Engineer: 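Please see the structure below; I have some questions.
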Protein chains: 2
Amino acid sequence: MNDTLRTAPDLDETDLAILERIEDDFDVSLETLADQLDISKSAVHYRLNKLKDGGVIQSVTADIDPLMLGLEMAAITDVMVSHESGYSEDIGERLVELDGVEKVYYTMGDVDFVVVSRVQSRDQLNNIIERIVAIDGVNSTSSKFVMQEFDPEHGVAANLTDEARSAVIDHTGE
Amino acid sequence: MNDTLRTAPDLDETDLAILERIEDDFDVSLETLADQLDISKSAVHYRLNKLKDGGVIQSVTADIDPLMLGLEMAAITDVMVSHESGYSEDIGERLVELDGVEKVYYTMGDVDFVVVSRVQSRDQLNNIIERIVAIDGVNSTSSKFVMQEFDPEHGVAANLTDEARSAVIDHTGE
DNA sequence: AATGAAATCGACCAGCA
DNA sequence: TGCTGGTCGATTTCATT
């Protein structure tokens, strides 16, 4: 057996059901969850703690509408770096530190980093791009505006294929 | 005055401070927040409700570690569509409905959609790509693997520039 | 908009299967 | 280990300012 994988410490169907429910809306009472799952409130709470301690639930966060903060503009910037100078990880960390940057992906292929940023104005976007090219090792950038965004109705747990579900649940023949 | 913007219904510095705190970790007691902000617990709760009702806080969600569900592979797929057939919005909605798809951006420029997906295996990624090209109107795709991801330490509210902050707070001379 | 008191709900503990 | 039931503390609600 391999011990290198730090995948979930034995999740069952009940755990998955809890995750599917709360990953989209944590504003449910323990009682509601308990009723839906036919277990007691304490059991739900016990499992929630286990999922938090086990790192399955990384955090509980309030999702803020960017539009309400005036952030009406999003952009995707491809960043090419010169591979000679410095390690990519450092550049990635510098990119993600920039104000307005929401997410950074380091990718294989001709593009090295994909940077998603969210700003109030074109000026602010230009500002971000300037700060990106100022980073040591950055060769060139290419940006495109985001016209519209689509978010899945359900999160990761609910989007698992049947194949993926069973792979999560029975990692050992108990 | 324009009335078309549905930006935040008058946020003040206290609201922003609350948002900055809970967008990264909602697991704080009202008492802690009240102490940090020098207002009463009830006042914090009152403001939280106002922020939820006003749509500033869209939802409270549990963030799940994809790795714990075996989703160790992420990919970014550029999708080109033929502009003659159908509206882009329909294609975007079909893309985001696919299992494993985490986010879809509709962009200006040569690339029409940028699709971020998260899967357990290369097979599952191939499966997603197959379903993408099967969508009516999709011309071609180009995918790249994500080797590493970088997330900001703080969320949108904390990443506002000073310029953006003041733009949020004093939208009317009260 | 904010407060304090009362009702409700969640967190924790000891014990049990 | 997973769960139960009960207790305590926290949160939600509401009348009041």
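Values below: every heavy atom of this structure, side chains too, minus hydrogens, waters and symmetry copies. Lettering of chains follows the sequences in order, A, B, ..., and the numbering in each one begins at 1. In this text the structure is predicted, and so the values were computed from the model without any measurement.
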Engineer: Decide if atom CE of B/M80 counts as having more than 12 heavy atoms of other residues, nucleotides or ligands within a radius under 6.0 Å.
Structural biologist: yes
Engineer: Is any side-chain N of the basic residue among B/K144 and A/D110 closer than 4.0 Å to the acidic one's carboxylate O?
Structural biologist: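 No, no charged N to carboxylate O under 4.0 Å.
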Engineer: Of all nucleotides in DNA chain D that come within under 4.0 Å of a heavy atom of chain B, which is furthest toward the 5' end and which toward the 3' end?
Structural biologist: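 Both ends considered, the range comes out as D/dT11 to D/dT13.
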Engineer: Whole angstrom is fine here: how far is it from CG in B/D53 over to C1' in C/dA1?
Structural biologist: 15 Å
Engineer: Does the distance from a Lys or Arg side-chain N to an Asp or Glu carboxylate O, for B/R47 and B/D12, drop under 4.0 Å?
Structural biologist: yes
Engineer: Between B/D99 and B/R131 (salt bridge meaning N to carboxylate O under 4.0 Å), is one present in this structure?
Structural biologist: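 B/R131 and B/D99: not salt-bridged.
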Engineer: Does this structure show an ion pair linking B/K52 with A/D27, if we count only N-O contacts that are shorter than 4.0 Å?
Structural biologist: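 A salt bridge is present here (some side-chain N lies under 4.0 Å from a carboxylate O).
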Engineer: I need the CG-P distance between B/N49 and C/dA1, as an integer number of Å.
Structural biologist: 12 Å
Engineer: Going by atom types only, do B/S142 and B/D78 share a side-chain donor-acceptor pair under 3.5 Å?
Structural biologist: no
Engineer: Under 4.0 Å, heavy atom to any atom of DNA chain C: which of residues 21-47 of chain B qualify?
Structural biologist: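 Correct list: B/S40, B/S42, B/A43, B/Y46, B/R47.
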Engineer: Just checking A/K103: does its NZ atom have more than 12 heavy atoms from other residues, nucleotides or ligands closer to it than 6.0 angstrom?
Structural biologist: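 Above 12, so yes.
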Engineer: In plain terms, say whether A/R94 and A/E89 are close enough for a salt bridge, that is, a side-chain N and a carboxylate O under 4.0 Å apart.
Structural biologist: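 Salt bridge: no.
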